[in-house]
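See below for the structure under consideration.
Excluded from the calculations below are hydrogen atoms, water molecules and symmetry mates; all remaining heavy atoms, backbone and side chain alike, are included. Note that ligands are numbered from 1 as they come in the structure, with each ligand's atoms numbered from 1 the same way. None of these values were measured; they are calculated from a predicted model.
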Amino acid sequence: MSNNETQCGCCEINENEKFSLLRQTIEKYEAKESNLIQILHMAQAIFGYLPENVLITIADEMNLSMSRIQGVVSFYSLFSTQPKGKHTIKVCLGTACYVRGGSKIVERIKELLEIDVGETTKDMTFSLEVMRCIGACGLAPAIAIDDTVYKRVNPNKLRQILAQYE
Ligand code: FES
(Lines give C-alpha, C1' and ligand atoms only; values in the text may rest on other atoms or scores of the structure.)
Protein backbone atom coordinates (compact mmCIF):
# COMPACT_ATOMS: atom_id res chain seq x y z
CA MET A 1 0.00 0.00 0.00
CA SER A 2 1.46 3.39 -0.92
CA ASN A 3 1.56 6.41 1.40
CA ASN A 4 -1.42 8.04 -0.19
CA GLU A 5 -3.73 5.10 0.39
CA THR A 6 -5.47 4.03 3.57
CA GLN A 7 -7.31 0.87 4.50
CA CYS A 8 -10.83 1.30 5.85
CA GLY A 9 -11.43 -2.34 6.69
CA CYS A 10 -13.79 -3.13 3.81
CA CYS A 11 -11.97 -1.56 0.90
CA GLU A 12 -9.03 0.61 0.00
CA ILE A 13 -9.83 4.24 -0.65
CA ASN A 14 -7.36 6.35 -2.47
CA GLU A 15 -6.61 9.75 -0.93
CA ASN A 16 -7.32 11.48 -4.29
CA GLU A 17 -10.74 9.83 -4.41
CA LYS A 18 -11.49 11.12 -0.93
CA PHE A 19 -10.63 14.68 -1.98
CA SER A 20 -12.72 14.29 -5.10
CA LEU A 21 -15.63 13.12 -2.92
CA LEU A 22 -15.07 16.12 -0.65
CA ARG A 23 -15.19 18.54 -3.62
CA GLN A 24 -18.39 16.89 -4.88
CA THR A 25 -19.90 17.28 -1.40
CA ILE A 26 -19.00 20.98 -1.26
CA GLU A 27 -20.54 21.40 -4.71
CA LYS A 28 -23.68 19.56 -3.63
CA TYR A 29 -24.02 21.99 -0.74
CA GLU A 30 -23.39 24.86 -3.19
CA ALA A 31 -20.30 25.94 -1.18
CA LYS A 32 -22.64 28.03 0.98
CA GLU A 33 -21.30 29.16 4.33
CA SER A 34 -24.68 28.31 5.88
CA ASN A 35 -23.94 24.66 4.98
CA LEU A 36 -20.46 24.64 6.53
CA ILE A 37 -21.38 22.37 9.45
CA GLN A 38 -22.94 19.74 7.15
CA ILE A 39 -19.88 19.91 4.88
CA LEU A 40 -17.55 19.42 7.87
CA HIS A 41 -19.66 16.45 9.00
CA MET A 42 -19.37 14.86 5.58
CA ALA A 43 -15.64 15.61 5.43
CA GLN A 44 -15.16 13.89 8.79
CA ALA A 45 -17.17 10.90 7.56
CA ILE A 46 -14.95 10.66 4.45
CA PHE A 47 -11.57 11.11 6.15
CA GLY A 48 -12.35 9.82 9.65
CA TYR A 49 -11.19 13.16 11.12
CA LEU A 50 -10.41 16.68 9.93
CA PRO A 51 -6.69 17.04 9.16
CA GLU A 52 -5.29 20.44 8.16
CA ASN A 53 -5.11 19.66 4.42
CA VAL A 54 -8.84 18.88 4.45
CA LEU A 55 -9.63 22.16 6.24
CA ILE A 56 -7.46 24.06 3.74
CA THR A 57 -9.35 22.44 0.83
CA ILE A 58 -12.71 23.37 2.38
CA ALA A 59 -11.53 26.95 2.99
CA ASP A 60 -10.29 27.26 -0.64
CA GLU A 61 -13.35 25.69 -2.23
CA MET A 62 -15.75 27.75 -0.13
CA ASN A 63 -13.72 30.93 -0.32
CA LEU A 64 -13.62 31.18 3.46
CA SER A 65 -10.73 32.02 5.77
CA MET A 66 -8.97 29.23 7.66
CA SER A 67 -9.72 31.02 10.93
CA ARG A 68 -13.45 30.86 10.15
CA ILE A 69 -13.24 27.10 9.49
CA GLN A 70 -11.03 26.44 12.52
CA GLY A 71 -13.39 28.49 14.70
CA VAL A 72 -16.32 26.21 13.80
CA VAL A 73 -14.26 23.02 14.14
CA SER A 74 -12.98 23.95 17.59
CA PHE A 75 -16.42 25.09 18.79
CA TYR A 76 -18.12 21.72 18.22
CA SER A 77 -16.67 18.85 20.23
CA LEU A 78 -17.93 16.31 17.70
CA PHE A 79 -15.31 17.50 15.21
CA SER A 80 -11.84 16.11 15.61
CA THR A 81 -8.60 17.29 14.04
CA GLN A 82 -6.81 14.19 15.33
CA PRO A 83 -7.24 10.66 13.98
CA LYS A 84 -9.52 8.51 16.13
CA GLY A 85 -8.74 5.07 17.50
CA LYS A 86 -10.53 1.92 16.38
CA HIS A 87 -12.71 2.12 19.50
CA THR A 88 -14.06 5.24 21.21
CA ILE A 89 -14.53 5.14 24.97
CA LYS A 90 -17.00 7.69 26.28
CA VAL A 91 -17.10 8.13 30.03
CA CYS A 92 -20.24 9.74 31.34
CA LEU A 93 -19.66 12.70 33.64
CA GLY A 94 -23.31 13.72 33.88
CA THR A 95 -24.56 14.44 37.41
CA ALA A 96 -25.63 10.89 38.35
CA CYS A 97 -22.42 9.35 37.06
CA TYR A 98 -20.25 12.09 38.49
CA VAL A 99 -21.57 11.65 42.02
CA ARG A 100 -21.16 7.88 41.73
CA GLY A 101 -17.52 8.01 40.78
CA GLY A 102 -17.39 8.91 37.08
CA SER A 103 -14.20 10.90 37.57
CA LYS A 104 -12.48 7.88 39.18
CA ILE A 105 -13.33 5.92 36.05
CA VAL A 106 -11.78 8.60 33.85
CA GLU A 107 -8.62 8.59 35.99
CA ARG A 108 -8.37 4.78 35.88
CA ILE A 109 -8.76 4.65 32.09
CA LYS A 110 -6.18 7.41 31.68
CA GLU A 111 -3.81 5.37 33.83
CA LEU A 112 -4.49 2.07 32.02
CA LEU A 113 -4.18 3.51 28.51
CA GLU A 114 -1.61 6.20 29.29
CA ILE A 115 -3.59 8.85 27.45
CA ASP A 116 -5.53 11.95 28.43
CA VAL A 117 -9.13 12.80 27.57
CA GLY A 118 -9.32 13.71 23.87
CA GLU A 119 -6.32 11.56 23.02
CA THR A 120 -5.79 8.26 21.20
CA THR A 121 -3.50 5.41 22.19
CA LYS A 122 -0.30 5.08 20.15
CA ASP A 123 -1.48 1.77 18.67
CA MET A 124 -4.68 3.57 17.51
CA THR A 125 -6.91 1.12 19.41
CA PHE A 126 -8.69 3.53 21.79
CA SER A 127 -9.74 7.19 21.89
CA LEU A 128 -10.97 8.60 25.20
CA GLU A 129 -13.80 11.12 25.52
CA VAL A 130 -16.09 12.33 28.27
CA MET A 131 -19.74 13.17 27.82
CA ARG A 132 -22.83 14.25 29.70
CA CYS A 133 -25.43 11.51 30.24
CA ILE A 134 -25.68 8.47 28.05
CA GLY A 135 -29.17 7.58 29.27
CA ALA A 136 -28.26 5.08 32.00
CA CYS A 137 -28.47 7.41 35.02
CA GLY A 138 -30.30 4.81 37.18
CA LEU A 139 -27.35 2.46 36.75
CA ALA A 140 -24.55 5.01 37.09
CA PRO A 141 -21.65 5.22 36.66
CA ALA A 142 -21.79 4.36 32.99
CA ILE A 143 -19.40 4.30 30.06
CA ALA A 144 -19.91 3.52 26.39
CA ILE A 145 -17.40 1.81 24.15
CA ASP A 146 -18.52 2.34 20.57
CA ASP A 147 -22.22 1.36 20.72
CA THR A 148 -22.06 -0.77 23.87
CA VAL A 149 -23.06 0.80 27.18
CA TYR A 150 -21.53 -0.55 30.40
CA LYS A 151 -23.48 0.23 33.56
CA ARG A 152 -22.50 0.30 37.27
CA VAL A 153 -18.90 0.27 36.17
CA ASN A 154 -16.39 -0.64 38.82
CA PRO A 155 -12.99 1.02 38.16
CA ASN A 156 -11.31 -2.25 39.18
CA LYS A 157 -13.09 -4.06 36.34
CA LEU A 158 -12.00 -1.66 33.63
CA ARG A 159 -8.91 -3.63 32.64
CA GLN A 160 -11.15 -6.65 31.91
CA ILE A 161 -13.63 -4.57 29.92
CA LEU A 162 -10.91 -2.96 27.79
CA ALA A 163 -9.18 -6.30 27.21
CA GLN A 164 -12.19 -7.44 25.15
CA TYR A 165 -11.37 -4.77 22.58
CA GLU A 166 -7.61 -5.24 22.31
S1 FES B 1 -25.65 10.92 34.07
FE2 FES B 1 -24.50 9.26 33.36
S3 FES B 1 -25.95 8.11 32.28
FE4 FES B 1 -27.05 9.84 32.87
Ring geometry between Phe126 and His87 (parallel below 30°, tilted from 30 to 60°, perpendicular above 60°): tilted
Atom pairs and distances, donor-acceptor, side-chain atoms in residues 88-109, under 3.5 Å, two or more places apart:
residue	atom	partner	partner atom	Å
Arg100	NH1	Cys137	O	3.2
Glu107	OE2	Lys110	NZ	3.4
Arg108	NH1	Glu111	OE2	2.5

Non-neighbouring partners of Tyr29 that pass ring-ring contact (aromatic ring centres under 6.0 Å, His included), sequence neighbours left out: none
same_hphob_cluster(Tyr49, Leu55) at 4.5 Å side-chain heavy-atom cutoff: no
Contacts of Tyr150 that satisfy ring-ring contact (aromatic ring centres under 6.0 Å, His included) - sequence neighbours left out: none
Among Val54, Ile13, Thr25, the one residue meeting side-chain contact (heavy atoms from CB on, under 4.5 Å) with Ile46: Thr25
Heteroatoms of the protein, restricted to N/O/S, which lie under 2.8 Å from atom 2 (Fe) of ligand 1: Cys92 SG, Cys97 SG
